Amino acid sequence: MSETRFDPSVADGRWQRAWEAAGTFTADSDSPRPKSYILEMFPYPSGRIHMGHVRNYTMGDVLARYQKMRGFEVLHPMGWDAFGMPAENAAMEKGVHPGGWTRANIAQMKAQLQRIGFALDWTREFATCDPEYYGHEQALFLDLYAAGLVYRKESRVNWDPVDMTVLANEQVIDGKGWRSGAEVEKRKLNQWFLKITDFADDLLEGLGSLEDWPEKVRLMQENWIGKSQGLEFAFDLSDGGKLAVYSTRPDTIFGASFCAIAADHPIAQGLAGDPEVAAFIDQCKKGATTAAALETAEKLGYRTAITAKHPFTGADLPVFIANFVLMEYGTGAVMGVPGHDQRDFEFATKYGLPILRVVASDPARADEPFQGEAEAGDGVIVNSDFLNGMSVEDAKEAVITRAEQGGWGEGRTVWRLRDWGVSRQRYWGTPIPFIHCDTCGVVPVPKDQLPVTLPEDVTFDIPGNPLERHPTWKHAPCPKCGKPARRETDTLDTFVDSSWYFLRFASQPADRPFDPEEVAKWMPVQHYIGGIEHAILHLLYARFWTRALAHTGKIAVKEPFAALFTQGMVTHETYSRIDAGRGVPVFFGPEDVNRTSEGATLLADGEAVEVGRVIKMSKSKKNVVDPDAIIARHGADAVRWFMLSDSPPERDLPWSDAGIEGCARFVQRLWRLFQAYDAQAQGEDKALDRKTHQTIAAVASDIEALGFNKAVARIYELTGAVEKAAPSASRSAAIRALVHLAAPMMPHLAEEAWAAMGEGLIADAAWPEVDPALLVDDEVTIAIQHMGKLRDTVTAPKGASKEDLEALALASANLQRSLDGAAIRKVIVVPDRLVNIVT
RNA sequence: GCGGGCGUGGCGGAAUGGUAGACGCCGGGGACUUAAAAUCCCCUGAGCUUUGCUCGUGCGGGUUCGAGUCCCGCCGCCCGUACCA
């Protein structure tokens with residue numbers, strides 16, 4: 001037989017067109033098959049697909065294709081998270097329109113994705129910048145407004161005076177705007193908010209039901225929501241005022257020896273007339289901002305002349321302004337209990353304040369001194385009047401009850417979670433559908449006037465919001481009274497766009513955001529795959545939005561993503577040299593470097609470059625490999641196979657040229673094996689039959705557990721076994737099975753092979769059936785141990801009796817030499833596994 | 001600081017408490033070839049007195065007939081982070 005090579009440059013396109021023509025991956029919501037919704041986080045159309053995308057979508061693709069073979073009707077859609085800052089930056093830098101720039105990027109990236117052969121339902125594709133999409137989003141926003149979940153409030157924002165825009169906290173670096181470098185100002189602006197805090201408890205509780213989410217993500221969300229329960233109460237102050245504090249440890253109230261307030265607390269601000277106070281407040285605002293630095297930073301305080309009266313003892317507690325108290329949390333003031341709070345302990349030590357013990361391991365140790373740190377643990381209350389002898393929990397309740405009865409405090413739940421500010425002073429986003437009327441106030445745009453579309457004729461040559469300075473756009477009549485009024489010029493945070501796109505994928509009627517019945521057929525998403533960087537914001541917002549829609553009766557499902565998987569990054573070595581002049585490293589791309597097993601040299605001059613750590617691919621380190629170039633060279637299947645091989649999917653995947661070349665070789669190796677398929681071959685090979693069926697079962701369970709690297713290893717093993725086997729009907733069956741196993745991972749190769757040996761598309765074929773009888777071997781290898789150390793192995797029939805196994809073991813010369821005549825005390829037999837002789 | 005994760009050959013990594021290193025990459029040797037590529041075969045944790053033995057999963061203990069796996073105490077790396085009262 002003449003040997004041909006598998007040519008991906010021909011085959012890839014052929015099968016991609018065949019799937020497209022047959023509508024193979026078009027999801028039919030009316031199908032009687034069980035439904036499966038596989039979704040990867042949709043991309044921002046930055047211009048090029050990168051390896052991280054390829055890895056992400058390959059994983060989802062294997063699941064989608066596998067589920068289809070298992071008889072599911074699979075929804076596996078793709079679209080574009082198309083609003084956002086980069087388009088406006090491009091507009092400012094290159095003078096292109098954000099819309100045109102975005103559309104061109106989408107076209108380019110879509111073509112790239114299609115070249116990888118993803119099993120996507122492109123009939124459902126949309127971009128969030130489509131007026132149809134954001135018009136429906138505006139409608140949903142109005143629904144939430146009607147439900148009381150949207151409000152406007154004046155709030156302090158980060159204002160960049162050069163770019164004339166609000167910056168997110170993440171965009172403020174060391175107090176300066178990330179783009180302009182200008183000193184950021186705090187400004188008060190009217191902003192739109194979503195009442196995510198209404199759902200704080202719900203969102204927290206819901207985490208418990210998300211068993212197929214990574215523990216890590218659930219913890220991060222739990223911390224972000226940050227629920228704490230305690231007592232809020234007021235101290236009477238010596239100047240006649242009151243000071244509200246919040247504590248989660250009201251049980252330790254008898255241990256309070258001072259009060260501390262934040263630098264921007266109104267009382268502190270009231271004292272700022274004193275230059276000494278003003279100087280201290282200034283000092284508090286400087287200093288490090290990272291969590292680690294804050295934790296180790298020195299506690300600083302300024303003792304005011306004010307004292308606070310303890311509600312039980314009547315003692316006068318000094319009131320400090322302190323750098324470790326935050327205005328944003330609780331009441332911006334705390335009672336200091338040095339014995340049982342580490343920060344308070346450090347502060348009290350520094351300023352010579354009493355450190356009182358009010359919790360002890362047992363009542364007899366009520367006066368034990370502290371060992372250089374606070375004791376925050378559990379115990380029995382001591383030195384605390386009516387609380388003495390109570391547990392911490394009981395004492396908390398007792399103090400709260402007293403405070404509530406006495407009218408000087410009450411139990412309160414405090415959340416770290418804040419309402420979601422969604423106003424952006426940006427052009428390239430969803431216009432917020434409201435009109436400001438001098439007579440009627442803030443008026444929603446009537447739904448029949450949606451979408452409120454963005455004007456096309458905008459300029460980006462000067463900073464600020466183009467919508468704000470557009471000559472006509474913002475002038476609109478009031479929907480209520482018809483008088484001239486102003487259109488809202490803020491646009492929505494792009495996280496709103498990504499908070500419901502999965503619903504629009506499931507159902508996209510023209511006249512509504514979605515059809516609840518259609519949505520119910522697909523939701524929740526069965527597998528949601530994306531990066532860990534979305535652990536909090538996107539995933540929390542999407543959960544909130546889904547709950548809000550459920551709350552308003554629009555959908556039945558509360559949690560959008562049944563299972564979440566966060567995949568690792570694609571990494572690569574870096575190549576660099578220290579620039580002699582400036583002393584900083586200069587990086588080189590992999591395409592400019594000749595990498596050998598000894599080291600690396602620069603192609604340009606043949607001199608050595610330093611091979612650096614394997615880190616996330618990034619433009620600044622130039623360690624980026626372009627998927628297009630790799631696909632052009634090795635074909636889509638080799639790249640897909642690489643993405644699935646070796647590294648577990650949740651860990652980082654180090655890209656290497658040797659690795660992709662090995663994958664390309666394996667594609668050819670399988671192709672040769674597929675070509676050796678002989679439908680007429682006769683004869684049985686029982687051992688190979690077993691191997692085949694065991695592999696089918698193992699690959700299936702590996703894919704279902706997203707253990708793609710293990711599935712890959714099993715396919716290698718079966719390939720090796722088939723190659724070694726003599727021709728037989730069993731071998732031919734094994735080759736057919738291999739085509740099926742390869743189909744989700746290397747679909748083009750599988751189709752090409754299947755065209756010669758089967759009917760129709762392998763993408764439509766069923767996953768091979770497993771014969772349970774063939775899953776168990778009839779012979780097993782038994783380990784023979786002496787004192788747990790391996791001495792020999794023997795082959796025994798499966799299910800041999802303990803007695804037989806023991807006899808077999810004792811017959812081993814190696815074992816007898818090891819025993820050296822010692823008396824046997826015990827024999828441990830694990831059936832089908834091992835015999836261990838204890839002497 | 002706190003929370004989470006990880007630590008196994010030259011590298012990526014396998015291993016329901018039961019034969020550590022599956023599978024892949026790299027490397028070495030050989031076959032085929034005029035030659036190269038491609039392909040195929042063999043070797044590849046360390047050491048030793050090599051029918052086999054000893055050591056070996058970050059370090060130190062422990063539980064067990066048996067520990068990479070379970071427990072206790074350390075060390076290192078990575079990620080996240082909120083001085084949250």
Side-chain angles (χ1 to χ4, degrees), chain A residues 3 5 214-220 222-224 226-228 230-232 245-250 252 260 262 288 290-299 322-326 328-337 341-344 346-347 414-416 532-533 535-536 568 571 596-597 614 641-642 645-648 650-654 656-663 665-666 668-669 672 707 709-720 723 781-793 813-814 817-818 825-830 832-839:
Chain A
E3 193 173 272
R5 284 179 64 79
E215 181 64 23
K216 179 190 174 108
V217 174
R218 287 193 284 170
L219 258 165
M220 283 166 75
E222 190 180 319
N223 289 338
W224 187 265
K227 180 181 190 174
S228 69
L231 170 70
E232 181 175 329
V245 300
Y246 174 73
S247 172
T248 55
R249 293 294 305 273
T252 64
T290 67
L294 284 173
E295 193 65 44
T296 48
E298 196 178 13
K299 307 284 178 277
N323 65 345
F324 66 90
V325 181
L326 307 175
E328 296 78 46
Y329 189 81
T331 61
V334 299
M335 67 168 183
V337 184
D341 179 282
Q342 186 57 28
R343 286 165 323 179
D344 295 349
E346 287 168 31
F347 190 80
V414 169
W415 304 88
R416 191 186 107 82
I532 186 72
E533 67 273 19
I536 296 175
T571 57
T596 68
S597 54
V614 178
W641 189 248
F642 186 97
S645 302
D646 292 356
S647 289
E650 68 278 10
R651 285 203 218 168
D652 290 350
L653 173 68
S656 75
D657 288 345
I660 186 66
E661 280 158 21
C663 291
R665 277 199 300 274
F666 183 65
Q668 296 300 337
R669 186 177 153 200
R672 283 192 299 277
N709 57 321
K710 293 185 217 170
V712 162
R714 307 226 190 243
I715 291 174
Y716 273 116
E717 274 189 72
L718 181 59
T719 302
E723 283 170 341
T781 305
I782 304 293
I784 299 174
Q785 298 179 337
H786 175 207
M787 302 299 286
K789 282 186 192 293
L790 183 71
R791 284 296 175 255
D792 206 351
T793 57
N814 285 347
R817 186 167 26 202
S818 179
R825 287 197 294 133
K826 197 172 167 187
V827 179
I828 288 159
V829 182
V830 181
D832 296 332
R833 277 222 171 255
L834 62 79
V835 178
N836 186 15
I837 309 291
V838 183
T839 57

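Side chains are part of it too, since the values below use all heavy atoms of this structure and drop only hydrogens, waters and symmetry mates. If you're wondering where the values come from, they're calculated on a predicted model, not measured in any experiment. Below, chain A is the first sequence line, B the second, and so on; all start at residue 1.
- Every residue two or more places apart in sequence or in another chain was checked for a side chain to side chain donor-acceptor pair (under 3.5 Å) with A/Asp344, and none qualifies.
- Scanning for ring-ring contact (aromatic ring centres under 6.0 Å, His included) contacts around A/Tyr716 gives A/Trp641, A/Phe666, with sequence neighbours left out.
- Scanning for side chain to side chain donor-acceptor pair (under 3.5 Å) contacts around A/Asn223 gives an empty result, with sequence neighbours left out.
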Taking only N/O atoms, report every protein-nucleotides 65-67 of chain B pair under 3.5 Å with atom names and distance.
unit_1	atom_1	unit_2	atom_2	d
B/C65	O2'	A/Asn836	ND2	3.4
B/C65	O2	A/Asn836	ND2	2.5

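- The side chain to side chain donor-acceptor pair (under 3.5 Å) search around A/Thr719 returns none, not counting sequence neighbours.
- With sequence neighbours left out, the salt bridge (charged side-chain N to carboxylate O under 4.0 Å, His left out) criterion links A/Arg817 to no other residue.
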Reading nucleotides 49-58 of chain B from 5' to 3' and marking B where a protein heavy atom lies under 4.0 Å of the base, S where only the sugar-phosphate is that close, and - otherwise, the string is --SSSSS---
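- Between B/C25 and B/C43, the two P atoms lie 16 Å apart (nearest whole Å).
- Judged by atom type and distance alone, A/Asp341 does not reach the base of B/A85 through any side-chain donor-acceptor pair under 3.5 Å.
- B/G62 adopts an anti glycosidic conformation, its chi angle falling more than 90° from 0.
- Applying the side chain to side chain donor-acceptor pair (under 3.5 Å) test to A/Glu717 and every residue at least two apart in sequence or in another chain returns A/Lys691.
- Listed by first residue number, the stems of RNA chain B with at least three Watson-Crick or G-U pairs below 3.5 Å are B:1-7 with B:75-81, B:10-12 with B:23-25, B:27-31 with B:39-43, B:45-48 with B:52-55, B:58-62 with B:70-74.
- By the 4.5 Å heavy-atom criterion applied to side chains, A/Val337 and A/Arg249 are not counted as neighbours.
- When the side chain to side chain contact (heavy atoms under 4.5 Å, CB included) test is applied to A/Val614, the partners found at least two apart in sequence or on another chain are A/Thr571, A/Glu573, A/Pro654.
- Between A/Arg343 and B/G1 there is no side-chain N or O to OP1 or OP2 distance below 4.0 Å.
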Output one line per pair: protein atom, nucleotide atom from nucleotides 12-17 of chain B, and distance, for all N/O pairs under 3.5 Å.
unit_1	atom_1	unit_2	atom_2	d
B/G12	O2'	A/Ser647	OG	2.8
B/G12	N2	A/Asp646	OD1	3.0
B/A14	OP1	A/Asn709	ND2	3.3
B/A15	OP1	A/Lys710	NZ	3.0

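- Residue A/Val337 is classed as having no contact, given no heavy-atom separation below 4.0 Å to the nucleic acid.
- Under the side chain to side chain contact (heavy atoms under 4.5 Å, CB included) criterion, A/Leu326 pairs with A/Glu328, sequence neighbours left out.
- Not one side-chain nitrogen or oxygen of A/Arg218 sits closer than 4.0 Å to the OP1 or OP2 atom of B/G4.
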